[in-house]
Protein chains: 2
Amino acid sequence: MQMDERKRKILRAIVQDYIATAEPIGSRTIARKFDLGVSSATIRNEMADLEELGFIEQPYTSAGRIPSDAGYRYFVDCLMDPQELNAEEMEIIERESSKRINELQEVIAHTGKLLSELTNLTSLVLGPHKGKSTFGKMHFLPYQPGQVIMVIVKENGAVENHILDVGENLSAEELQHVAEVFNQKMRGYSISQVKRSMLHEIYSELSRQRLLIDNAMDMLRAILDGKEEDERIHLGGTLNMLNQPEFKDLAKVKTLFKVFEDNEPLKKLLTPRQEGLNVTIGGENTLKEFRDCSLISATYKVNGLTIGAVGVLGPTRMDYAKVIAIVDFMTRSMTEILTRRRR
Amino acid sequence: MQMDERKRKILRAIVQDYIATAEPIGSRTIARKFDLGVSSATIRNEMADLEELGFIEQPYTSAGRIPSDAGYRYFVDCLMDPQELNAEEMEIIERESSKRINELQEVIAHTGKLLSELTNLTSLVLGPHKGKSTFGKMHFLPYQPGQVIMVIVKENGAVENHILDVGENLSAEELQHVAEVFNQKMRGYSISQVKRSMLHEIYSELSRQRLLIDNAMDMLRAILDGKEEDERIHLGGTLNMLNQPEFKDLAKVKTLFKVFEDNEPLKKLLTPRQEGLNVTIGGENTLKEFRDCSLISATYKVNGLTIGAVGVLGPTRMDYAKVIAIVDFMTRSMTEILTRRRR
DNA sequence: TGTTAGCACTCTACCTCGATGAGTGCTAAC
DNA sequence: GTTAGCACTCATCGAGGTAGAGTGCTAACA
């Protein structure tokens, strides 16, 4: 059996109607609502075919039909009209984007908020991964008696500071010396690459500042090994899910929100299999908790390099055309903002 | 009408049973479950009195009784046996506390997690407020060409760093000079206290580094004016609420979670009216969304100074004795950890 | 006078049952 | 190939009926 134009029209009608109403739709309603020029009986026959092809299914005998995952997939790939953002959405984005945004965190928070507000769904934003954390440079600054500020510049340019105990009062010269030794030996190394021999060398050159070095190494371990805040998934509009009729069941809400609490699976989900825009529908999802959901995700770039991703999660019954348009637009906008920020 | 010993016993039985079962309880069940030495008819009479006194109420005619807010209040104030943590809880806390915790953020996250796990309720933790943000000291460190790291030490000891454009390449000496001028003029001032005259002085002393100063001032404004991350309420175990029978209604969940998304009201709620432990029951709550909830909150100290608070939020039907014991213990533990951290 | 047994009454939760209506598949006519 | 007609299915909804928990009142009892 083949898909012909009429079957396509009917499938499109079913998907569109179900997206709009969340109710199964029957042949008679299709005949009434959509002007296909054939009777409900004909549509009925075609629907039987569509069911056999796996594109639609019945929740129970003598209910209407709803699209299957495969049906949504066919819709997204072959039937959907690409959509532009409407004037209102454009205006919201314009207005929001005109606000001055400095920090990366703000861009992320902002993008997530906008995404979830425009789609009425849940947004996921993965901040730019900064690559391997390797040691760049170390500085010491005076703080309280017996304590200094250690400023670490990682090789990727990230800067962090931490308070460090130095035990006895060390002079500025001594501190500078310690920093220089570290800078010389460790530049470009990650913590796991620090060999025993390297440590030996540092200790032997700085035998007197043992406490300081121990503390500094502890701190470096924590900094270079630690999870980057930016690698967390930022969720927005999780409550929007509660407005979806498919989540009027409390048990479903619970399992869904449980997944939201755990960062790693989400990160894996969002880390793109390929660049650009991805649509993952229902059961295509690797997370079984999301088998009733679809995810529209896309990557964004800075200076031509893909460094992060955003996504919108909703029930499989989501307005694909609109959400795709929004996600596409937002990643472009994000790329632009982040590129502008760079000097 | 007066409360006598028997009324007290009956009220205690009602509260305890309702806390355990979440079901209204009737006179016969009380007579069976609790050995009060009187018949159900007598208990019935007493219950009529208790209802008249406002301590219990009927959801509908011929249902059992449940405690009213006033009933819980009387229970907490007069009837409740103070409770010790049990062995299992002790062990969990011991085990968790033995982990090495460095950063304040970790202490907060950790406390929240523990609180929500032990109580199966939602925890709220308000980090230590750091007082007014006033300028302490400024440093510059080399970064990329045309950019420097500006390290700001606030007067309360907090340290932050930010990347700053400096326009033309400035020498280390020039940068140090700029920092010195700022340090001299601004120490101890908040942004709102910076007068036009002060700015004039700075500009006139540093006429050549106009761009740097503008950028630095922008940054200072953002840093000193900005919300402290620590002043956010950290929520833990919000999903636990979904396990409470009183939140099997989706609409209630929605309004509750909506409140969780907004920081300010929660902050106000947790900011203690008085030191030590507070119990706020149902309608005593200022937030109308929490009128079915109770909040057990307590402050914690560092070096004798009250600097933050934690709380546990649950349905009014919560195990007050246990939660109070846990919150009390955790604030003590938190005080201890934070004091130990201080040198 | 306080306590208790007994009883009529109330009200929810739950079940059953039939009506309703949307929808289907099949068949035969066009 | 298309359509009208028809018997059939099944979820939903409301009505009615029952069970059970609980109450308040009254009268008897110690």
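Convention: sequence-line order gives letters A, B, ...; per-chain numbering from 1.
Put simply, A/T29 has a side-chain N or O that comes within less than 4.0 Å of OP1 or OP2 on C/dG23. A sub-4.0 Å separation between OP1 or OP2 of C/dC11 and a side-chain N or O of B/T61 is present.
When side chains are defined from C-beta on, B/Q244 counts as touching B/L121, because their heavy atoms get closer than 4.5 Å. You'll find the side chain of B/R317 reaches within 4.5 Å of the side chain of B/P245, heavy atoms only. Looking only at side-chain heavy atoms (C-beta outward), B/L313 and B/M241 come within less than 4.5 Å of each other.
The side chain of A/S27 lies closest to C/dT24 when the candidates are C/dC11, D/dT23, C/dT24. Of the listed nucleotides (D/dT23, C/dT4, D/dT9), C/dT4 has the atom at the smallest distance from the side chain of B/S39. Distances were taken from every side-chain heavy atom of A/S62 (C-beta onward) to each of C/dT10, C/dG23, D/dC25; the shortest belongs to C/dG23. Residue B/R44 places its side chain closer to D/dG24 than to any other of C/dG23, D/dG24, D/dC10.
Listed here is the closest heavy atom pair of A/A70 and A/G54: CB-O, 3.6 Å. Listed here is the closest heavy atom pair of A/A13 and A/I30: CB-CG2, 4.4 Å. Between A/D17 and A/K33, the closest heavy-atom pair is OD1-NZ, 2.6 Å.
Of the N and O atoms on the side chains of A/Y320 and A/S294, at least one donor lies less than 3.5 Å from an acceptor on the other residue. With hydrogens and angles left out, the side-chain atoms of A/R8 and A/Y74 include a donor and acceptor closer than 3.5 Å.
Spacing between atom CG of A/L36 and atom P of D/dT2 amounts to 12 Å, rounded to whole angstrom units. Per the geometry, CD belonging to A/E23 stands 19 Å off P belonging to D/dC10, to the nearest Å. The distance between atom CD of A/E46 and atom P of D/dT3, rounded to the nearest whole Å, is 11 Å. Note: CD1 (B/I43) to P (C/dA5) measures 12 Å, nearest angstrom. Here the C1' atom of nucleotide C/dA13 and the NZ atom of B/K248 are 13 Å apart, to the nearest Å. We find that CD1 of B/I25 is positioned 19 Å from P of D/dG20, with the value rounded to whole Å. Taking atom OH of residue A/Y18 and atom P of nucleotide C/dG23, one finds them 14 Å apart after rounding to whole Å. Residue A/D4 contributes atom CG, which lies 12 Å from atom C1' of D/dG1 at whole-angstrom precision.
Stem regions annotated for DNA chain C: C:1-30 with D:1-30, counting only runs of 3 or more consecutive pairs of Watson-Crick or G-U type with both contacts under 3.5 Å.
Note on A/S40: nothing from the nucleic acid sits closer than 4.0 angstrom, heavy atoms only. Within the 4.0 angstrom heavy-atom criterion, no nucleotide atom of any strand lies near B/R28.
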- Task: Start with the C-alpha gap between B/F257 and B/F247, add the side-chain angles, then the distance that decides, and say whether side chain to side chain contact (heavy atoms under 4.5 Å, CB included) holds.
- Result: CA-CA 11 Å; B/F257 278 26; B/F247 289 98; over 6 Å; no
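One N or O on the side chain of A/E89 and one on the backbone of A/N86 form a donor-acceptor pair closer than 3.5 Å.
Contacts between residues 50-60 of chain B and DNA chain C, defined by a heavy-atom separation below 4.0 Å, involve B/Y60, listed by number.
The 5' end of DNA chain D is approached more closely, in terms of each residue's nearest nucleotide, by A/R6 than by the other of B/A63 and A/R6.
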